[in-house]
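Below, read A as the first sequence line, B as the second, and so on, with proteins coming before strands; counting in each chain starts at 1.
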Number of protein chains: 2
Amino acid sequence: MATLPELLRERGIQPSAQRVAVAASVLDAGEHLSADQVLGRVRESFPQISRATVYNTLNLFVEKGLLRQLALTGGHTVFDPNTARHHHLVDEVTGRIYDVDWEAIHVADAEHVPGFHVRDYQVVLRGRRAD
Amino acid sequence: MATLPELLRERGIQPSAQRVAVAASVLDAGEHLSADQVLGRVRESFPQISRATVYNTLNLFVEKGLLRQLALTGGHTVFDPNTARHHHLVDEVTGRIYDVDWEAIHVADAEHVPGFHVRDYQVVLRGRRAD
DNA sequence: GTTCGTGCAAACGGTTTGCAACAAT
DNA sequence: ATTGTTGCAAACCGTTTGCACGAAC
């Protein structure tokens, strides 16, 4: 297992202390965090970090393929540390987003939409947690 | 074919002149319009309408099931007059959103995610227009 | 010493809200 | 008379940007 600084360097990202702290917060999280949630977590270990740095860093990570950015619910974008193919389920009550295994759903013909080059796709499910 | 005022009344919406104008703009549009695009169109025939009224009206229409609200690309939410089930394709170059027929893609097992009641789902495709 | 990263504050764009005037019932 | 609707402006929230300081190569 590579250390975080190594991981960043592999992606062409200079591993500053702030960036490592952001990486630690967002990659460890089993959830999908908003930028402000990341800011909150990073500040626990790095109180003086600025909002702009967190936003810039998250965008950089997305650019470099370390994170995926999701815009599933209005207005809120969220960062997904799981870069493997998978689907998403949005809880309509809480707004929380859950991962759904790629193999759990079978999709046929999604790549063959006439007139388009489909680069990627996923199923977005909406519902609520069973009691 | 019901007139617009009748259509609104059927959904429990008082058909004021402004609301009818918004309905005319957004329901006719074959595309997915942002709130500001709707505002622009409505102002062609109703120049004095306010931004707040358009936003409130669009939200009301979504609440009453006349429109669907889509949040597929970061920050921009868009209104879809097509209330029939269908999928969506996002052009990564232009940001434009296209409808994909429900029957064009076959999805299996989407309703059977353990621990959840899935109320609705769709496939979201990303790609670019073929030349 | 030139490039790169940071922090701060201000700007920004889309959306919402508070309120007073007005129309409908 | 009560309720619902509009318009305006201001507030709001998440995000981006400009700029000057400081660190890294």
Side-chain angles (χ1 to χ4, degrees), chain A residues 4-6 8-9 11-26 32-43 45-64 66-80 95 97, chain B residues 4-6 8-9 11-26 32-43 45-64 66-80 95 97:
Chain A
L4 278 180
E6 283 165 1
L8 297 187
R9 241 187 276 270
R11 304 273 182 157
I13 302 169
Q14 258 193 55
S16 73
Q18 288 89 335
R19 287 173 176 175
V20 173
V22 171
S25 294
V26 76
H32 303 79
L33 301 176
S34 69
D36 260 22
Q37 288 176 310
V38 175
L39 176 65
R41 297 200 175 197
V42 175
R43 282 210 164 138
S45 62
F46 213 119
Q48 77 279 20
I49 199 170
S50 82
R51 188 183 308 274
T53 297
V54 171
Y55 275 88
N56 291 337
T57 302
L58 289 171
N59 287 340
L60 180 66
F61 286 1
V62 170
E63 229 171 77
K64 300 295 188 182
L66 219 54
L67 290 177
R68 275 190 156 73
Q69 192 164 14
L70 304 178
L72 301 178
T73 67
H76 276 206
T77 83
V78 139
F79 296 89
D80 189 348
I97 296 169
Chain B
L4 279 178
E6 284 166 0
L8 296 186
R9 239 188 276 269
R11 304 271 182 161
I13 302 168
Q14 257 191 57
S16 73
Q18 289 89 336
R19 286 173 177 174
V20 173
V22 171
S25 295
V26 77
H32 303 80
L33 301 176
S34 70
D36 260 21
Q37 288 176 310
V38 175
L39 176 64
R41 298 200 173 197
V42 175
R43 283 210 163 137
S45 61
F46 212 120
Q48 77 279 22
I49 198 170
S50 82
R51 188 183 309 274
T53 297
V54 171
Y55 276 88
N56 291 338
T57 301
L58 288 171
N59 287 341
L60 180 66
F61 286 0
V62 170
E63 230 170 75
K64 301 295 189 182
L66 262 173
L67 291 177
R68 274 191 156 72
Q69 191 165 14
L70 303 177
L72 301 178
T73 68
H76 277 208
T77 83
V78 138
F79 296 89
D80 189 347
I97 295 170

Over how many whole Å does the gap from Gln37(A) atom CD to dT15(D) atom C1' extend?
15 Å

To the closest 0.5 Å, what do you measure between CG (Leu58(A)) and OG (Ser25(A))?
9.5 Å

Interatomic distance, His76(A) NE2 vs dC12(D) P [rounded to whole Å]:
16 Å

How would you label the contact of Arg51(A) with the nucleic acid (heavy atoms, under 4.0 Å): base, sugar-phosphate, or nothing?
base

For Thr77(B), answer base if it contacts any base atom (sugar-phosphate contacts may also be present), sugar-phosphate if it contacts only those atoms, and nothing otherwise; contact means non-hydrogen atoms under 4.0 Å.
sugar-phosphate

Point-to-point distance, once rounded to the nearest 0.5 Å, from NE2 of His76(B) to CG of Asp36(B)
8.5 Å

At under 4.0 Å between heavy atoms, which parts of nucleotides 19-25 of chain D does protein reach? Answer with one letter per nucleotide, 5' to 3': B base, S sugar-phosphate only, - none.
-------

If I take atom CG from residue Leu8(B) and atom CG from residue Leu60(B), how far apart are they, to the nearest 0.5 angstrom?
8.5 Å

For the pair made of CG in Asn59(B) and P in dT5(D), what is the distance, rounded to whole Å?
14 Å

Examine dG7(D): is either OP1 or OP2 under 4.0 Å from a nitrogen or oxygen in the side chain of Thr53(B)? Give yes or no.
yes

Please name the pair of heavy atoms, one in Thr77(A) and one in Ala71(A), separated by the smallest distance, quoted to 0.1 Å.
CG2-CB, 4.4 Å

side-chain N/O Gln48(B) vs dC8(D) OP1/OP2, d < 4.0 Å
no

Taking side chain as C-beta onward, heavy atoms only, is Thr57(B) less than 4.5 Å from Val38(B)?
no

Between the main-chain N or O of Val78(B) and the side-chain N or O of His32(B), is there a donor-acceptor pair closer than 3.5 Å?
no

Distance from Leu4(B) atom CG to Ile13(B) atom CD1, nearest 0.5 Å?
11.0 Å

Classify Asn56(A) by what it touches in the nucleic acid, base, sugar-phosphate, or nothing, heavy-atom distance under 4.0 Å.
base

May I have the distance from Arg43(B) (atom CZ) to dG7(D) (atom C1'), rounded to whole angstrom?
10 Å

Going 5' to 3' along DNA chain C, between which two nucleotides do contacts with chain B fall, using a heavy-atom cut-off of 4.0 Å?
dG14(C) to dT17(C)

I'd like to know if the side chain of Arg51(A) and the backbone of Leu39(A) have a donor-acceptor N/O pair within less than 3.5 Å.
no

Does dT16(D) have its OP1 or OP2 closer than 4.0 Å to a side-chain nitrogen or oxygen of Tyr55(A)?
no

Let me confirm one number: the CD-CZ distance from Gln14(A) to Arg9(A), rounded to the nearest 0.5 Å.
8.0 Å

